[in-house]
Engineer: 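Would you mind keeping the following structure in view while I ask a few things?
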Amino acid sequence: MNTFSRLSALALLLSASAMPLAAQDTANATIHADQPGPVVQPEVFGQFMEHLGTGIYGGVWVGEDSSIPNDAGYRTDVLEALRAIKVPMVRWPGGCFADEYHWRDGIGPREDRPVKINTNWGGVNEDNSFGTHEFMGFAQRLGARTYVSANVGSGTPAETSQWVEYMTAAAGTTMLAREREANGHRDAYKVDYLGIGNELWGCGGNMRAEYASDLTNRFAAFAKTGNGPMLKIAAGPSDADYEWTDTMMRISGKYIDGLALHYYTRPRMEKWEDKGPALSFPEAEWASTLANTLNMDEYITRHSAIMDVHDPERRVMLAVDEWGTWYDPAPGSNPGFLQQQNSLRDAMVAALNINIFTKHAERVRMAAIAQMVNVLQAMLLTDGERMVKTPTYHVFDLYVPWQGATSLPVELDTPEYRNGDIAIPAISVSAVRDTAGAVHVALVNVDPNQAHPVSIRLDGVNARSASGRVVTASAMDAHNTFDRPDVVAPQDFSGARVSGGTLTATLPAKSVVVLQLR
Ligand code: AHR
């Protein structure tokens, strides 16, 4: 650069910094820690595991005889990693698999269990070696609550009611309780959530909402737990299907405790067969993915408003029990296994969704990311004896303090991130007060090109400093592999200051920053 161009570049820089544009680049917010808010139920950080690809077999369950280190058949590396992020609830066995699952196939000696074809996912053999006892043992090892999805599509109310009795009847009481004991577990299991079918409008039986509601009432009537509360979750809508919500709430609202909502983020929404790749995507697909993620806010708002009409006390929860990214299958993988890599973009999607759930904590009291290991937006990827934590895992780790904390109201005035026709808020914020009284703030900068300063007024917080961790990387599709497991990993973030009741920080481009105020 010659002297002239150096000077003009300097002049440009100086004038740019004096222009209103610079001020617009700052996000201004207020956290109202002095106002009441709903509790973010720990179950909002729930996870979904389905008999699908290597989500269970190989990813969680390897059997006692495996050379892969295990605890009674469960991978020890996976158990350890999931315990560290305090998985609060696990949903099983599906998904679409649930409405073809017959629970008796998965109890008793493993060698006697029938082999079936998994018709939903890849047409592979399902040997049923992971069944009710194995699921309960897994949840118990994680200290997680249990969410069991019953078969409504191809099952009967009697089958569901007997399954619930088998799992929950007190020891030594009914024949089914004795059968459970004969199969190795004397004490009643606890079923915290019972799903009444899954996607009954689709793979669960292609039903009309009216018919699905009648069936829901019938199944719910005969599923009686013998062991503490069991919340019944109806198969709810997908995306913007508001009619489904209206009908289910009108006909079934008083018989259920929750309505499921499923929404998957895809970079390309036009054609289901063409979702876009998980890696090596253009910036336009970074932008579309994050813009599509933000639809979750509108879906929750509008489904909740319909629920409010039928349930003004908000007794029935909206359970977002399938959410996350869904891309084209990983090159060379079985398309029925829904394997995909997980990059920094997925970290953004996870953090945006969690901020949305925090805002709607009063109605969204449970959620489950799809899925836990090796499938869709997974926490962990495995290959034989190797395991790697994904960027999504690290976001769940950062947000652990949100579990059971109080959601604090946030007002936000943010610059936009623009790409082509897309313009979305560059910054997303959520804040909580944990049960010990500490305030935590999550800040997401979705802009892949520009750092953004934030200035946040702290009403009702007496803090003098803030510190925490950041997840970021230089490439939009930065990801972890078995050979390079720490490309995307949390780093300490010391760039935040608190002065005169205001928190300031500069958020790196494409980053998730979580801070604790002290
Ligand atoms: O998570 C994969 C599948 O997505 C589930 O089985 C189904 O419920 C949904 O369509």
Side-chain angles (χ1 to χ4, degrees), residues 46-57 59-60 89-101 116-124 126 130 135 147-155 193-207 209 212 216 233-241 244 248 258-266 269 271-273 275 278 292-293 296 299 318-330 333-340 342 346 349-350 353 366-381 390 392:
Q47 315 226 349
F48 173 34
M49 73 190 300
E50 179 166 15
H51 289 246
L52 195 177
T54 55
I56 293 178
Y57 299 114
V60 166
M89 182 278 290
V90 185
R91 175 176 185 247
W92 170 84
C96 297
F97 184 82
D99 284 289
E100 286 198 20
Y101 184 62
K116 295 199 161 169
I117 302 291
N118 189 332
T119 57
N120 282 292
W121 305 118
V124 294
E126 163 62 59
F130 192 94
F135 168 66
Y147 180 169
V148 173
S149 288
N151 178 347
V152 170
S154 67
Y193 301 90
L194 182 76
I196 315 281
N198 170 76
E199 299 193 350
L200 294 179
W201 40 264
C203 64
N206 299 318
M207 301 173 195
T216 299
I233 312 296
S238 172
D239 308 3
D241 187 353
W244 185 277
M248 291 292 288
L259 184 70
L261 168 65
H262 291 182
Y263 174 53
Y264 285 96
T265 302
R266 290 172 281 145
M269 297 298 274
K271 242 183 23 194
W272 183 255
E273 299 71 36
K275 304 179 185 72
N292 293 340
T293 300
M296 181 69 92
Y299 295 154
L318 188 61
V320 190
D321 61 18
E322 286 187 32
W323 66 270
T325 52
W326 195 327
Y327 305 124
D328 295 339
S333 67
N334 181 334
F337 282 14
L338 310 187
Q339 273 172 29
Q340 60 189 39
N342 192 296
D346 295 79
V349 171
N353 274 310
M366 184 259 273
I369 189 169
Q371 299 193 4
M372 184 180 258
V373 183
N374 289 337
V375 176
L376 299 176
Q377 190 175 349
M379 301 288 125
L380 304 170
L381 303 177
T390 65
T392 299

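The basis for the numbers below is simple: all heavy atoms, side chains too, and nothing from hydrogens, waters or symmetry mates. For ligands, and for the atoms within them, numbers begin at 1 and follow the listed sequence.
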Engineer: Just by distance, with hydrogens left out, do Tyr299 and Asp241 show a side-chain donor and acceptor under 3.5 Å apart?
Structural biologist: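 Side-chain D/A pair, Tyr299 to Asp241: absent.
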Engineer: With sequence neighbours left out, what residues match Glu322 under salt bridge (charged side-chain N to carboxylate O under 4.0 Å, His left out)?
Structural biologist: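 Residues passing salt bridge (charged side-chain N to carboxylate O under 4.0 Å, His left out) with Glu322: Arg91.
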Engineer: Mind listing the N or O contacts between ligand 1 and protein, cut-off under 3.5 Å?
Structural biologist:
from	atom 1	to	atom 2	distance (Å)
ligand 1	1 (O)	Tyr264	OH	2.7
ligand 1	1 (O)	Gln371	NE2	3.0
ligand 1	4 (O)	Tyr264	OH	3.4
ligand 1	4 (O)	Glu322	OE1	3.2
ligand 1	6 (O)	Glu50	OE1	2.7
ligand 1	6 (O)	Glu50	OE2	3.1
ligand 1	6 (O)	Cys96	N	2.9
ligand 1	8 (O)	Asn198	OD1	3.4
ligand 1	8 (O)	Asn198	ND2	3.0
ligand 1	8 (O)	Glu199	OE2	3.4
ligand 1	8 (O)	Glu322	OE1	3.1
ligand 1	8 (O)	Glu322	OE2	2.7
ligand 1	10 (O)	Glu199	OE1	2.8
ligand 1	10 (O)	Glu199	OE2	3.2

Engineer: With side chains defined as the heavy atoms from C-beta onward, is the minimum distance between Thr325 and Tyr264 less than 4.5 Å?
Structural biologist: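 Answer no - side chains too far apart.
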Engineer: From Met207 CE over to Thr216 OG1, what is the distance, rounded to the nearest 0.5 angstrom?
Structural biologist: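 Result: 8.0 Å between the selected atoms.
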Engineer: With side-chain hydrogen bond (donor to acceptor under 3.5 Å, both in side chains) as the test, would you mind laying out the steps for Thr392 and Asn342 before giving the verdict?
Structural biologist: CA-CA 7 Å; Thr392 299; Asn342 192 296; 3.0 Å; yes
Engineer: Measuring from Phe97:CZ to Asn118:CG, what's the distance to the nearest 0.5 Å?
Structural biologist: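 So the CZ of Phe97 and the CG of Asn118 are separated by 5.5 Å.
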